[in-house]
2 protein chains.
Amino acid sequence: MEVTPLTKRNHYEEITEQLKRQILEGKLKVGDKLPSTKAMSERFGVGRSTTREALSALKAMGLIEIRQGGGCTVIRSEPEAEIKLPELEALRLNRKTLLELIEVRQSLESSIASLAAEKRTDEDVRALKRIVKEMALAVGDDLEGERTDIEFHLALVKATHNSMLSKVLDSIMTPMELAIREVRRVELYANRTVAERLLEEHSDIAAAVVSRNPEAAAEGMKRHLRNIERILLKYL
Amino acid sequence: MEVTPLTKRNHYEEITEQLKRQILEGKLKVGDKLPSTKAMSERFGVGRSTTREALSALKAMGLIEIRQGGGCTVIRSEPEAEIKLPELEALRLNRKTLLELIEVRQSLESSIASLAAEKRTDEDVRALKRIVKEMALAVGDDLEGERTDIEFHLALVKATHNSMLSKVLDSIMTPMELAIREVRRVELYANRTVAERLLEEHSDIAAAVVSRNPEAAAEGMKRHLRNIERILLKYL
DNA sequence: CTTGCAAAAGTTGTCTGACAACCTGATAAT
DNA sequence: ATTATCAGGTTGTCAGACAACTTTTGCAAG
């Protein structure tokens with residue numbers, strides 16, 4: 001097992017990190033046994049209690065198993081990656097979480113709008129225009145309204161031609177959708193006044209992107225999401 | 001705080017369980033401070049190292065925060081509401097991916113800096129100042145330089161008091177770290193000229209956050225990340 | 001009275017050495 | 001061959017001692 005010298009940060013954190021990294025990177029595979037605490041402590045140059053704190057942390061993360069007298073074994077080598085249903089339930093009802101999500105979205109999407117305005121191709125423009133048109137036809141229809149709304153934002157991030165940005169936005173949009181859906185979808189899209197205002201905002205953003213105006217695009221997106229925030233807050 | 005007698009199970013597991021239950025059940029609320037390790041050890045009738053192993057586990061679960069000399073604080077009282085970030089870890093890190101990551105980071109972190117400037121508490125300020133000081137001492141030391149750099153950005157996102165934002169940033173920082181490590185950590189932190197410039201930039205950002213100036217903070221962060229981008233590009 | 005700062009007290013971080021509890025494998029007795 | 005026993009390694013735990021850090025306290029200068 002390789003060890004890199006410890007930095008000034010707390011030793012037990014550092015050791016936890018290093019072991020975790022080796023497990024996640026596959027240098028330590030499932031079923032592998034870790035060296036004894038004594039051996040590891042000597043190699044890291046720390047006391048045994050410090051190493052034990054690291055092992056306790058790894059056990060709490062579910063990465064290793066510790067059997068008294070029998071050593072430590074790796075039992076998982078991937079980060080856990082699943083959303084549990086009961087947690088989503090909590091997500092929807094949790095006002096604070098929703099506000100945090102909106103804040104993240106505001107941060108991301110204003111940059112996205114700006115980048116899209118810089119990098120969009122003609123094909124991106126075509127897609128945006130198509131979606132805005134569909135959105136106009138969907139005023140008053142909650143299901144269609146939601147679909148076109150989401151599609152607009154996905155088309156926008158696609159126009160940045162940055163796949164990372166897509167992934168990150170996606171990870172935010174999914175819980176966001178779930179949070180809104182079935183709770184207040186109707187208020188957002190079925191109310192004609194609101195829907196028309198949303199349409200106008202989307203249209204402004206699209207126009208700014210088409211004319212390659214990053215500042216206006218970002219500003220439009222910020223206005224749009226602040227508006228959404230206000231509407232959602234009224235019903236929470 | 002109530003304690004029930006220890007069972008046959010390992011003491012540190014038992015203590016972890018009891019504390020976890022009290023936190024999830026709400027008997028210990030967010031912001032509450034746990035008793036000192038000495039006090040808890042006496043009440044449970046165990047040694048201090050045993051209690052520390054339990055605390056290390058709770059920290060790994062993200063339930064508590066441990067500050068040297070400052071005690072342990074409950075920072076979450078619900079089971080984690082995870083955002084699923086699709087297999088970012090498993091990505092091949094080529095030049096294009098790295099550029100995309102930097103772009104995402106620029107988008108996120110300028111907002112983060114701005115939000116931090118609005119929402120930071122005095123404690124956040126203390127943390128930032130401490131890190132900048134450490135960073136100054138670390139000039140020329142690549143390992144310490146990297147650690148303090150990462151810690152700075154984590155402290156900044158923490159100052160936004162938005163856990164979603166933390167998670168999102170975290171998910172792109174991990175691959176970013178790996179990428180930088182693979183490429184040229186040395187050039188970034190061991191070169192005194194570069195390290196001093198980075199220090200200055202971090203220092204500017206911290207100052208803007210301290211004086212609650214969101215625009216300056218965002219601007220400083222943008223400048224900082226553009227600079228990083230330039231340096232990395234030289235070595236790709 | 002307020003402010004600022006230094007000392008004190010309290011808390012976490014770490015090491016050491018010791019012993020108990022437990023697992024494993026080898027050896028000896030049956 | 002089966003069983004009993006033992007030796008060595010490993011985890012679990014404790015107590016005490018400092019180091020590093022934070023918060024509080026208390027005193028002195030303004």
Side-chain angles (χ1 to χ4, degrees), chain A residues 1 3 5-19 32-60 63-75, chain B residues 1 3 5-19 31-60 63-75 121-134 137-138 144 147-148 151 155:
Chain A
M1 210 183 56
V3 308
L6 302 182
T7 66
K8 184 166 155 275
R9 132 216 248 169
N10 294 337
H11 291 166
Y12 75 100
E13 280 183 30
E14 174 85 17
I15 292 174
T16 307
E17 268 307 310
Q18 284 198 30
L19 292 179
D32 282 3
K33 264 216 182 116
L34 300 187
S36 75
T37 53
K38 186 155 167 275
M40 283 206 274
S41 304
E42 280 164 6
R43 270 209 257 184
F44 280 111
V46 302
R48 213 162 70 86
S49 21
T50 303
T51 303
R52 280 191 56 78
E53 286 177 27
L55 293 181
S56 179
L58 292 175
K59 180 184 167 183
L63 290 177
I64 67 171
E65 181 189 57
I66 309 181
R67 288 188 342 260
Q68 175 162 195
C72 304
T73 317
V74 177
I75 60 177
Chain B
M1 214 182 55
V3 309
L6 302 183
T7 67
K8 162 172 145 287
R9 188 158 45 164
N10 292 337
H11 292 169
Y12 75 101
E13 280 183 25
E14 178 75 28
I15 294 175
T16 307
E17 271 308 311
Q18 284 198 31
L19 292 177
D32 283 2
K33 274 244 260 288
L34 299 187
S36 74
T37 52
K38 187 157 166 276
M40 282 206 277
S41 304
E42 280 164 6
R43 272 209 254 184
F44 280 111
V46 302
R48 214 162 69 85
S49 20
T50 304
T51 304
R52 280 191 56 78
E53 286 176 28
L55 293 180
S56 179
L58 292 175
K59 179 184 170 186
L63 290 176
I64 68 171
E65 180 191 57
I66 309 181
R67 289 194 340 268
Q68 175 162 349
C72 304
T73 316
V74 178
I75 59 177
T121 63
D122 292 348
E123 197 190 320
D124 296 325
V125 169
R126 270 200 298 280
L128 282 175
K129 283 187 173 169
R130 178 181 56 77
I131 294 171
V132 170
K133 209 175 291 175
E134 288 180 13
L137 295 176
E144 266 294 285
R147 179 187 70 80
T148 49
E151 209 168 310

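Chain identifiers are assigned alphabetically (A, B, ...) following the order of the sequence lines, protein sequences preceding nucleic acid strands; residue numbering begins at 1 within each chain.
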For nucleotides 8-14 of chain D, just jot down a letter per nucleotide in 5' to 3' order: B, S or -, based on protein non-hydrogen atoms under 4.0 Å.
-BBBBBB
Before accepting this row, confirm whether a basic side-chain N of the pair B:Glu123/B:Arg67 lies closer than 4.0 Å to the acidic partner's carboxylate O.
yes
Taking A:Glu14 first and then B:Arg147, would you say they form a salt bridge - that is, a charged N and a carboxylate O separated by under 4.0 Å?
no
Nearest whole Å is fine: how far is C:dT12 P from B:Glu65 CD?
12 Å
Are the side chain of B:Thr50 and the backbone of B:Val46 linked by a donor-acceptor contact shorter than 3.5 Å?
no
To the nearest Å, how far apart are B:Asp122 CG and D:dT22 P?
15 Å
Rounded distance (Å) that lies between atom P of D:dC21 and atom CD of B:Glu123
17 Å
Yes or no on side chain to side chain donor-acceptor pair (under 3.5 Å) for B:Thr51 and B:Ser41, after CA distance, side-chain angles and deciding distance?
CA-CA 6 Å; B:Thr51 304; B:Ser41 304; 2.9 Å; yes
Between A:Arg52 and A:Thr37, do the side chains contain an N or O donor and an N or O acceptor separated by less than 3.5 Å?
no
